[in-house]
Structures are given as C-alpha cells and as structure tokens.
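Chain A is the first sequence line, chain B the second, and so forth, proteins listed ahead of strands; every chain is numbered from 1. A quick note: this is a predicted structure, and the numbers were derived from the prediction, not measured.
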Amino acid sequence: MTNQTDETCRPNLTLRNRVAGFLLIMIGMYVSYEAQRYGLGKLTRLGPGALPFGLGILMALLGAMIAILNPEGGENAPALKWRPLVMVLSALLSFALLIDTTGLLAATAALVFLSGMADPESTLPSLGAIFLLLISFVYIVFVRLLGIPFSLIGN
Amino acid sequence: MGTFSNLALGFQEIIALATLGFCLLGVTVGMLIGVLPGIGSMAAISMLMPLTYYLEPGQALIMLAGIYYGAQYGNSITSILLNVPGTPSSAVTTLDGYPLSKKGKAGPAIFITTSASFYGSCFAIICLAFFSPAIADFALKFGSVEYFSLMVFGLITASVVSPGSQLKGIAMVIVGLVIGLVGTDITTAKSRFTFGFIELTDGVTLVAVAMGVFGATEVIMNLSRSRHERGKAQKLSIRDLFPTWDDMRQSFKPMARGAPIGTFLGVLPGAGATISAFVAYGVENRVAKDRSRFGKGAIEGIAAPESANNAAAQGAFIPTLSLGIPGDAVMALMLGALLIHGVQPGPQLISDHPEIFWGLLASFWIGNLMLMIMNIPMIGIWVRILTIPYRYLYPCILMLVCVGVYSVNNSAFDLMIVFAFTIIGFGMAICKLSPAPMLLGIVLGVMMEDNLKRAMLLSRGDLMVFFERPISAVLLGLSAMVIILPLLITALRRKRKVEG
C-alpha cells in the first residue's frame with residue numbers, strides 16, 4: 001500500500017523518465033547515423049561528422065541510463081493542461097504565419113486574442129485594450145525608432 | 001596593477017549619457033520583471049536581446065547585465081510582501097522575509113535586503129575587478145587542448161550543479177552541443193543537420209531557442225499551474241521603510257558573511273545564486289545564538305542570503321568575461337550578444353576590448369546605485385505593480401517574444417523555431433529536463449569543436465594529449481570527480497533506502 005501513495009505523490013515520473021530516455025536514444029542514434037554520412041575524417045584531421053557522431057552515441061548512452069536508472073529530482077513538473085498549451089502554441093504559430101503575409105496588425109490580433117483564450121478569466125474588452133497598447137508600443141519602438149521593416153497590413 | 005586606471009577608463013566609458021540611459025533601462029526592466037511574479041530574468045533578457053543588436057556591444061552588455069542583477073533586487077520585494085519568490089535564488093528570502101512582513105515589518109525588511117543586496121554586489125564587483133584580469137592573463141596561455149578541457153569542465157559542472165538530476169543535465173548539454181553544431185561546418189563548408197532549410201546554414205538562432213524554451217514555455221507552465229491565492233500586498237511608503245538601529249546592527253555581520261560566500265559560489269558554473277543563498281542562510285542559522293528565531297522573522301535570515309545571491313549574480317561574470325565560459329543560461333545569452341557583434345568571448349576579451357570589460361564593471365556599480373535609489377523612494381510604485389494580474393501580462397510577454405525574434409533577422413523562419421522549441425521546451429518540462437544546460441551547449445558547440453579539431457591536428461591525432469598536459473589533466477580529473485561524486489551519493493542513498 002505504501003507503494004501506491006508514493007506513486008500518487010509523483011505521478012508518472014517513472015513513465016516520463018522512460019519516455020525521455022527512449023527519445024534521447026532515438027535522437028542520439030539518428031544524429032550519429034546522419035553524422036557518419038558527413039564524413040568522420042581521421043583523428044589527425046577530424047571530419048565534419050566526427051564530433052556529432054560521438055555526441056550522438058553519448059546522447060543515446062545517457063538516454064539509456066535515464067530510462068534504466070530512473071533518476072528523481074527537479075522541480076515539480078506541471079500538470080498537463082491542454083487549454084494553455086494549445087492556445088499559446090496556436091497564438092505563436094499564427095503570428096509566425098501571418099507576419100509576412102497579412103502584416104503586423106492581423107498577426108498581433110491573432111496572437112493576443114488566441115493567447116487570451118488560454119486564460120478563462122480573460123475578457124474581450126481587456127484583450128482589446130492589450131491589443132491596442134501592444135500595437136502602438138510595437139509601432140513606435142520597433143517600426144519608428146528601430147526601423148524594423150514590419151508592414152502593418154501586409155504586402 | 002593598473003586596476004585603478006582601468007576603472008577610470010570604465011567610468012569614462014559609462015559616463016556617456018546614452019550608456020547611462022541603457023544601464024538605467026536595463027536595471028528598471030530588471031527590477032520590473034523581478035517584482036512581477038511569473039516572469040524570470042531569462043525571459044526578460046531574451047525579450048530585450050534583439051534590441052541590443054542596434055546598440056554598441058558594450059552598451060548591449062550593460063543593458064542585459066542590468067536586467068540580470070536588477071531582477072535580484074525586485075525579487076526580494078515580492079518574496080517579502082507576497083511570499084512568492086520570483087526566482088529560486090530568492091526562495092530563501094521568503095523564509096524570514098514573509099514572517100517579518102506579517103509582523104508589520106515589511107518596510108524595514110525591504111530596506112535591509114536592499115542594503116544587503118547593494119553591499120553584496122559591491123563586494124563581488126571589487127573581486128571581479130581584481131581577479132578577472134588575472135584569471136584571463138593566466139588563461140591566455142591556454143592552448144586549444146586546455147581550452148577544450150576547460151569547456152568540458154565548465155559544461156559538466158554547470159549541468160551537475162543546476163537543479164534536477166545530474167544525468168539529465170549532462171544529457172541536455174549533449175543535446176545542446178548537437179544543436180549548436182547545426183549549420184555549415186567551418187573547415188569543410190558542409191551543411192550539417194539543416195534538413196534542406198537554407199535558413200539553418202548559419203546555425204540555429206540562439207535567441208529563438210531561448211525564447212521558446214524559456215519565454216513561451218514559462219507562460220504555458222504558469223497558466224497550467226493551479227491558481228494559488230495571492231496574498232494582498234500591504235501599502236508601503238518611504239516613511240515605513242526605515243529600520244530601527246537594532247535591526248541594522250543585527251544585519252551588519254550577516255551581510256559581511258554572505259558576500260564572500262556568494263562571490264565564491266557565483267564564480268563556479270551552475271546555479272550559483274540559488275545555492276549561495278541557501279548556504280548563507282545555513283551559515284547564519286549555525287552561528288546564531290538563538291536558532292529558534294529563524295523562520296519567524298529573523299533579520300539575519302534575510303540579510304545574509306540577499307547579500308549572497310547578489311554577490312553571486314555579479315560573481316558569475318568572472319568566468320564569463322575572463323574565460324568565455326558561461327556559468328548559466330543567462331550568461332550564455334550574454335556571450336551570444338557579444339558573438340553577434342563579432343566580439344569573440346574568451347581570455348583575450350579583457351585585453352582586446354578593455355572598454356567593454358571595464359565599462360561593464362563600472363556600469364555594475366552605477367546600476368546597483370540606481371537600483372538602491374529606485375528601490376527605496378519608489379517603493380510605493382513597485383508595490384502597486386506587483387498586483388497586476390498575470391492574465392494582462394502574458395499576452396504582452398508573447399508579443400514581445402515574437403516581435404523580438406522577428407527583428408533579429410527579419411525572418412518568420414526564426415518564429416517557427418520559437419514555435420518548435422516551445423513544444424520541445426514543454427516536453428522537456430514534463431520530463432523534468434532542464435533547459436539551461438542545453439543553452440550552454442548551444443553556445444559552446446562550435447567553439448568546442450574548433451578547439452578539439454585544432455588540438456587533434458597539433459597532437460597528430462593523439463587523444464592522450466588531453467591527459468598529458470597538466471592543466472588539461474587537472475580539469476578533466478575535476479570533471480570526472482564532479483560526475484562521479486553525486487552518482488556515488490545517490491547510489492549510497494538508494495542502498496540505504498533499500499536496506500532501511
């Protein structure tokens with residue numbers, strides 16, 4: 001029974017360690033595979049693939065150790081909540097996609113209102129105020145003072 | 001020694017009005033984000049980083065550094081008033097700071113922490129002025145063999161000391177090194193790990209990675225956390241701040257003890273500020289006549305750690321500036337800012353660019369003075385700022401992240417890197433992998449490869465050269481010790497657990 005309470009105290013850390021370790025093994029192996037195609041060179045004259053090849057192997061080994069030894073420690077991992085994750089990610093993605101096509105105004109609006117939905121307490125008027133504040137700040141500082149070529153409405 | 005004439009050069013450098021202005025901007029932003037719970041100095045630095053491309057390298061560094069140590073001052077206000085530490089390094093301050101505030105002594109507590117912070121910083125700045133040039137002089141004699149071993153040592157210590165599992169820290173350093181190697185190989189011009197993206201041939205933009213794994217990830221994590229009750233901050237004005245003579249007398253010795261602890265631990269790579277605050281608190285607890293007062297509002301319990309963590313924040317610049325080895329993620333970003341301006345960090349920095357080094361040093365002192373002045377008369381404003389709800393702040397953080405990254409290369413591709421590294425950063429947080437060692441790896445990747453290649457060329461491919469050269473052998477020996485010791489300790493602890 002003690003085992004069970006222990007498990008609820010740190011949920012799934014073991015599983016998370018196994019997943020992290022497994023991913024590191026896969027990535028490490030891929031890095032080494034890719035690196036040896038760049039040419040390893042000789043010890044006197046290391047090729048472009050030499051260091052990444054070694055690092056990939058090391059990464060895979062460390063991944064295996066993490067999966068097997070299952071280390072503890074670190075700050076508390078956050079609970080997995082979908083709303084903030086999805087909303088913040090879609091805000092970032094839409095800004096990235098819109099900035100060069102439809103311009104700063106639309107990109108900022110998408111970013112502010114999408115990310116605003118991550119917090120259920122946000123209201124439309126407050127987000128609107130934030131939008132106006134940000135767009136004028138960015139326009140004055142980045143466009144006017146620093147001369148970064150943002151176009152407001154796209155090309 | 002020419003330390004004094006050099007310092008004069010430094011003050012000449014900073015006395016320029018524009019430079020003073022950037023110093024003020026840096027410390028004000030630092031103070032602001034220190035006061036606001038939920039924004040780390042890492043996120044703030046990555047947000048303001050793009051601004052620095054438009055400045056002189058010296059000014060850029062002065063501003064970024066201001067954010068870093070300014071945040072330490074701001075943190076202590078929030079720790080005392082709200083019991084919420086802005087960063088781990090001020091977590092200790094809550095232990096006695098919040099009880100003091102509940103007793104109605106928040107004002108004097110803030111006055112004491114501010115003075116302690118100022119004292120600790122000044123102590124570390126003096127050490128920085130005297131030791132850095134000496135260390136750099138010594139390191140100038142380093143060949144590529146020593147330099148490679150030094151980087152190994154720096155990376156390993158930083159990853160082992162930073163919070164969390166050592167094994168994971170080292171794994172993240174390796175991941176960072178690989179990411180750092182993305183792009184064109186210097187000697188053969190071969191593209192590595194670019195997956196056909198032309199944008200990656202110059203390597204991954206460091207700021208974009210940093211903003212993904214620190215800035216945006218932090219926002220998601222803060223929003224995912226269950227909302228804990230925010231204490232109501234009391235109103236404060238200057239009149240409430242002045243401590244009694246007794247309070248002051250009690251805090252002198254702890255301040256004096258905290259500063260050297262912080263400076264020394266700050267020099268070591270890793271989470272210097274956090275550890276030194278804990279150590280300083282522990283020392284006070286040990287030397288106190290009446291230990292029971294600790295945790296209930298002992299003045300010593302805030303004076304010593306605040307002196308120590310500020311000293312550590314300044315001390316961390318010693319290895320960064322004299323050796324070019326960053327101790328933590330913030331320092332890695334600072335070196336990144338230098339690299340972008342074409343200033344090569346390393347032991348030659350102080351002799352090649354004395355105006356940058358001594359100007360930065362002078363700015364530390366002036367910046368700390370500004371913080372002291374800002375902190376005390378303007379306390380009412382800071383207290384009001386700390387009650388701004390997070391839901392108004394985080395869209396602004398995300399916006400600054402995006403605009404900031406875009407303005408580095410005017411590239412939407414860099415924004416996609418932020419997006420990708422936000423996913424990666426969140427995954428890392430879920431798996432409890434800390435992003436700081438990764439960032440160190442990214443900065444040092446190419447430098448390390450370069451030195452390794454040169455060392456191998458000179459030694460005709462003999463790997464033993466790393467163990468035959470005395471300095472390199474010592475550094476590698478120390479690195480091995482740093483890895484093995486904690487592993488041994490955990491193994492012993494596990495064994496005891498099984499037996500018990």
Query raised in the report: What part of V178(B) is in contact with chain A, defined as an atom under 4.5 angstrom from a non-hydrogen atom: side chain, backbone, both or neither?
Result: both

**Report entry** Under 4.5 Å from any heavy atom of chain A - which part of F193(B)
**Finding:** both

Report summary line: Tightest non-hydrogen contact, residues T44(A) and G461(B), listed as CG2-N, 3.4 Å

Query raised in the report: Between K168(B) and C431(B), is there a donor-acceptor pair closer than 3.5 Å when you use the side chain of the first and the backbone of the second?
Result: yes

Query raised in the report: Would you call F426(B) and L89(A) a side-chain contact if the rule is heavy atoms closer than 4.5 Å?
Result: no

Query raised in the report: Quick one: what part of S411(B) sits under 4.5 Å from any heavy atom of chain A, side chain, backbone, both or neither?
Result: neither

Query raised in the report: Quick one: of V219(B), T187(B), V175(B), who has the most non-hydrogen atom pairs under 4.5 Å with chain A?
Result: V175(B)

Query - Region of L457(B) that comes under 4.5 Å of a non-hydrogen atom in chain A - result: both

Query raised in the report: So which part of I130(A) gets closer than 4.5 Å to some heavy atom of chain B, the side chain, the backbone, both or neither?
Result: side chain

**Report entry** Structural part of I170(B) lying under 4.5 Å from a heavy atom of chain A
**Finding:** both

**Report entry** salt bridge (Lys or Arg N to Asp or Glu O under 4.0 Å) evaluation trace for E449(B) with R192(B)
**Finding:** CA-CA 13 Å; E449(B) 183 180 42; R192(B) 296 184 288 185; 2.8 Å; yes

List, one per line, each side-chain donor-acceptor pair under 3.5 Å for residues 48-63 of chain A, sequence neighbours excluded.
none

Query - Top contributor to chain A interface from T422(B), L463(B), L415(B) [non-hydrogen pairs under 4.5 Å] - result: L415(B)

Report summary line: When the 4.5 angstrom heavy-atom criterion is applied to S122(A) and chain B, the contacting part is both

Query raised in the report: Among I423(B), L223(B), I220(B), whose side chain to side chain contact (heavy atoms under 4.5 Å, CB included) with L85(A) holds?
Result: I220(B)

Under 3.5 Å, side-chain donor or acceptor atoms of residues 393-402 of chain B against the rest of the protein: list the pairs with distances, not counting sequence neighbours.
{"residue": "Y394(B)", "atom": "OH", "partner": "S115(A)", "partner atom": "O", "Å": "2.6"}
{"residue": "Y394(B)", "atom": "OH", "partner": "G116(A)", "partner atom": "O", "Å": "3.2"}
{"residue": "Y394(B)", "atom": "OH", "partner": "D119(A)", "partner atom": "N", "Å": "3.3"}

**Report entry** Pick from V19(A), L93(A), V88(A) with the largest number of heavy-atom pairs that fall under 4.5 Å of chain B
**Finding:** L93(A)

**Report entry** Option passing side chain to side chain contact (heavy atoms under 4.5 Å, CB included) with V403(B) (candidates V138(A), L111(A), V143(A))
**Finding:** V138(A)

Query - Interface moiety of K190(B) toward chain A, non-hydrogen atoms closer than 4.5 Å - result: side chain

**Report entry** Structural part of L69(A) lying under 4.5 Å from a heavy atom of chain B
**Finding:** both

Query raised in the report: Would a 4.5 Å heavy-atom cut-off, applied to side chains only, mark Y139(A) and L105(A) as touching?
Result: no

**Report entry** Residue selection (most heavy-atom pairs with chain B, distance under 4.5 Å) from K42(A), M65(A), R83(A), R45(A)
**Finding:** M65(A)

**Report entry** Which atoms of V31(A) approach chain B - backbone, side chain, both or neither, heavy atom under 4.5 Å
**Finding:** both

Query raised in the report: Are the side chains of L155(B) and M448(B) in touch, meaning some heavy atoms are under 4.5 Å apart?
Result: yes

Query - Sub-4.5 Å side-chain heavy-atom contact between I156(B) and I483(B) - result: yes

Query raised in the report: When only pairs under 4.5 Å are counted, which of V112(A), T108(A), L24(A) shares the most heavy-atom pairs with chain B?
Result: T108(A)

**Report entry** Part of F131(A) within contact of chain B (heavy atom distance under 4.5 Å)
**Finding:** neither

**Report entry** Per-residue contact mode, I66(A) against chain B (heavy atom under 4.5 angstrom)
**Finding:** both

Query raised in the report: Which bit of S407(B) is near chain A, if near means a heavy-atom gap under 4.5 Å: side chain, backbone, both or neither?
Result: both

